[in-house]
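Quantities reported herein were computed from a predicted structural model and do not represent experimental measurements.
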Amino acid sequence: MTRAAAATVYTPELLASRYGSQPFQVAMRAAEVLSKLGAFGLKLLLDQQRGESSSSAKRRARAVELRTVLTRLGPTFVKIGQGLSTRPDLCPTEYLEELSELQDSLPTFPDEEAFACIERELGFPLDSMYSAMSPSPIAAASLGQVYKARLKYSEQLVAVKVQRPGIEDTIGRDFYLLRGLGFLINKYVDIITTDAVALIDEFARRVFQELNYVQEGQNARRFKKLYADKQDILVPDIFWDYTSAKVLTMEWIEGVKLNQQAAIEGQGLKVLDLVNIGIQCSLRQLLEYGYFHADPHPGNILATPEGKLAFLDFGMMSETPEDARVAIIGHVVHMVNRDYEAMARDYYALDFLKPEVDVSPIVPALKNFFDDALDSTVSELNFKTIVDGLGAVLYQYPFNVPAYYALILRSLTVLEDPNPYLRDALIELLFKDEKFRWNRLENLLVQGRQDREFVAKDALQPVLKLLLGPDGENLRVLVVKEAVRVTEAITFGTLIDSYNAAPEFLKPLISNGNPAGPFKISDVEREQMLELRDTVLRIWGLLRSSDTFDPSLLQPIVQVLQEREARVFGSRIAGGVSQRLAARLLQQLLRIPPAPVPGSS
């Protein structure tokens, strides 16, 4: 990692030492920036004086103009626009949508400069490191461009990302200029209560981290360690001997972008399977470990021919604090329960609001939006609608959205795809995939054990409230179905274990001479039931082994069972279990066992 020492770490003092002695260059850049942004600001002022600023169509037109202005001002302002696109507390919806369309791209720079940079950074001639290199870049962005190459020592295909020459100096000068503007805003603009200089420093620190390709490689390594333990997730290896602060060499991944449905299906892959993998990985990122890919757009995630999801480009990562993860889960429960007063209070725990802010005016705004959203049919729901509506509320009131939460919103809206097939696949996954739900519960309990403030009894109360409430019918149907499956799995699993543990001389008597055993079920059914039984027992073991486990955990269940709704619900479960076991019994008595496969033992 000695090459990492060459990476620049952002500090305000660094900018002052570099650009404080360049007044002419800074003044020229200031004139260019102020002329373009000033002209745009004048148009906004005229719109306000003419009473047109409240028009959504006018705001949309101005947002398009701003996107064009930022693109022309170069990579620093492209990054600023992308940052603003994740801040619903700062920008109206029209600006959020248009700024999210900012393309992180510039014309490619000469290949000779890129190859010279590789040799200078790595310290060897190009042909001594790579046996082949694409003559032109296969992709280009504002910070650098990517070549396809082959390592000479192993003939392995790799992707080589090379930083744009002079990009650090350009970005550094822009941030030096913006810090000066921030001091003026703090001193003279009373309407902006946020510390503008602190905001600029935080953003500059993130951009400079993106300029450090060694840091990006470390991000990829951490992401791989946390999430690539699942066989369906692929993270490219980093070749550290061919990596520096300005050159990143990683394993080449063959794959198809997620928005290319025809190409995905042409490889014989199912979109639903890929959605399943992506949702599970996203939930692990946001709720289990808190370390997440903040820019998972279709170009950064590929579907491989083997059906894996490959994550690329780890320059923009973020982390959700542990207490915030717990608060987010509670916030979602309160939203589903339509407990808008509790939702409003959650914003204190999420650090959106200062303790002295009165949340009572926020409650009606949350109710107006979420009542409509939650009354929508399942097929009408999408992440973008919810995020846009929440963004409108955040913009109207004195919220200060933490950087990690803004990036969470960005990562969630990426899951929304204009292709309705992906939406339907997601719905089918969430409502029909039982294995997915049980795996989620087990993983969350594993993480919950590590949280000393997690109290299962308290977490159970709002779930029961939803389950037995007027809006819980869909959940009740799901719980009845799962209760029947679990009871069947435990019953048959116990019988199978008992048969396997019986002495050998008794087994023919128990199975009536059937070498396949006494149960006339297929191997697939047997495997599925045993897998579900083992999962449920592991979950129960996690609960019992928790330091905070107490039999009083079941007290809320005992309390709600006394209510009429609970008795009706309990009858539905008992009836479903009885019918299922009776059907299984008849199946065992009447079903002809499957014929043995020819040639099998």
**Student:** With a 4.5 Å heavy-atom cut-off, do Leu45 and Gln49 have their side chains touching?
**Tutor:** yes
**Student:** Are any non-hydrogen side-chain atoms of Tyr291 and Asn219 less than 4.5 angstrom apart?
**Tutor:** yes
**Student:** Checking the side chain of Lys224 only, and the main-chain atoms of Val235 only, is there a donor and an acceptor separated by less than 3.5 Å?
**Tutor:** yes
**Student:** Hey, are the side chains of Leu178 and Ile80 touching, using non-hydrogen atoms and a 4.5 Å cut-off?
**Tutor:** yes
**Student:** Would you give the length of the straight line joining atom CD of Glu341 to atom CZ of Arg345, rounded to the nearest 0.5 angstrom?
**Tutor:** 6.0 Å
**Student:** So which heavy atom on Gly182 is nearest to which on Ile200, and how close?
**Tutor:** CA-CD1, 4.1 Å
**Student:** Any idea how Tyr95 and Phe40 line up, ring-wise: parallel (<30°), tilted (30 to 60°), or perpendicular (>60°)?
**Tutor:** perpendicular
**Student:** Step by step, work out the side-chain contact (heavy atoms from CB on, under 4.5 Å) result for Asp201 and Tyr10.
**Tutor:** CA-CA 8 Å; Asp201 282 339; Tyr10 173 82; 2.6 Å; yes
**Student:** Is there a side-chain contact between Leu312 and Leu302 in this structure, where contact means two heavy atoms from C-beta onward sitting under 4.5 Å apart?
**Tutor:** yes
**Student:** Indicate yes or no: does Glu210 engage Arg206 in a salt bridge with an N to O separation below 4.0 Å.
**Tutor:** no
**Student:** Quick one: does any side-chain atom of Glu98 pair with a main-chain N or O of Arg67 as donor and acceptor, under 3.5 Å?
**Tutor:** no
**Student:** Grab the two heavy atoms, one from Leu269 and one from Gly307, that are nearest each other, plus how far apart they are.
**Tutor:** CD2-CA, 3.6 Å
**Student:** So that I can tick it off, tell me whether Arg60 and Glu97 are bridged by a salt bridge, with the cut-off set at under 4.0 angstrom between side-chain N and carboxylate O.
**Tutor:** yes
**Student:** Could you state the interatomic distance from CD1 (Ile301) to CD1 (Ile277), rounded to the nearest 0.5 Å?
**Tutor:** 11.5 Å
**Student:** Please report the interatomic distance CE(Met316) to NE2(His293), rounded to the nearest 0.5 Å.
**Tutor:** 9.5 Å
**Student:** Shortest non-hydrogen contact from Ser54 to Gly51?
**Tutor:** OG-O, 4.1 Å
**Student:** Heavy atoms, side chains only, cut-off 4.5 Å: are Leu70 and Leu99 in contact?
**Tutor:** yes
**Student:** Tell me whether Tyr348 contacts the main-chain N or O of Val357 through its side chain, where contact means a donor paired with an acceptor under 3.5 Å.
**Tutor:** yes
**Student:** Heavy-atom count around Gln48 CD within 6.0 Å, excluding the residue itself: above 12?
**Tutor:** no
**Student:** At what distance, to the nearest 0.5 angstrom, does CD1 of Ile264 lie from CG of Asp273?
**Tutor:** 11.0 Å
**Student:** Given side chains that start at C-beta, do those of Ile362 and Leu353 come closer than 4.5 Å, heavy atoms only?
**Tutor:** yes
**Student:** What's the spacing between Thr320 OG1 and Gln285 CD if we round to 0.5 Å?
**Tutor:** 10.0 Å
**Student:** Quick one: does any side-chain atom of Glu216 pair with a main-chain N or O of Phe314 as donor and acceptor, under 3.5 Å?
**Tutor:** yes
**Student:** Can you confirm if the aromatic rings of Tyr227 and Tyr289 lie within a centre distance of less than 6.0 Å?
**Tutor:** yes
**Student:** Would you say the side-chain atoms of Arg179 pair up with the backbone N or O of Val197, donor to acceptor, closer than 3.5 Å?
**Tutor:** no
**Student:** Quick check against the 3.5 Å criterion: does Asn186 have a side-chain atom that pairs as donor or acceptor with the backbone of Ala196?
**Tutor:** yes
**Student:** Output the distance between atom CG (Leu309) and atom OG1 (Thr304), rounded to the nearest 0.5 Å.
**Tutor:** 8.0 Å
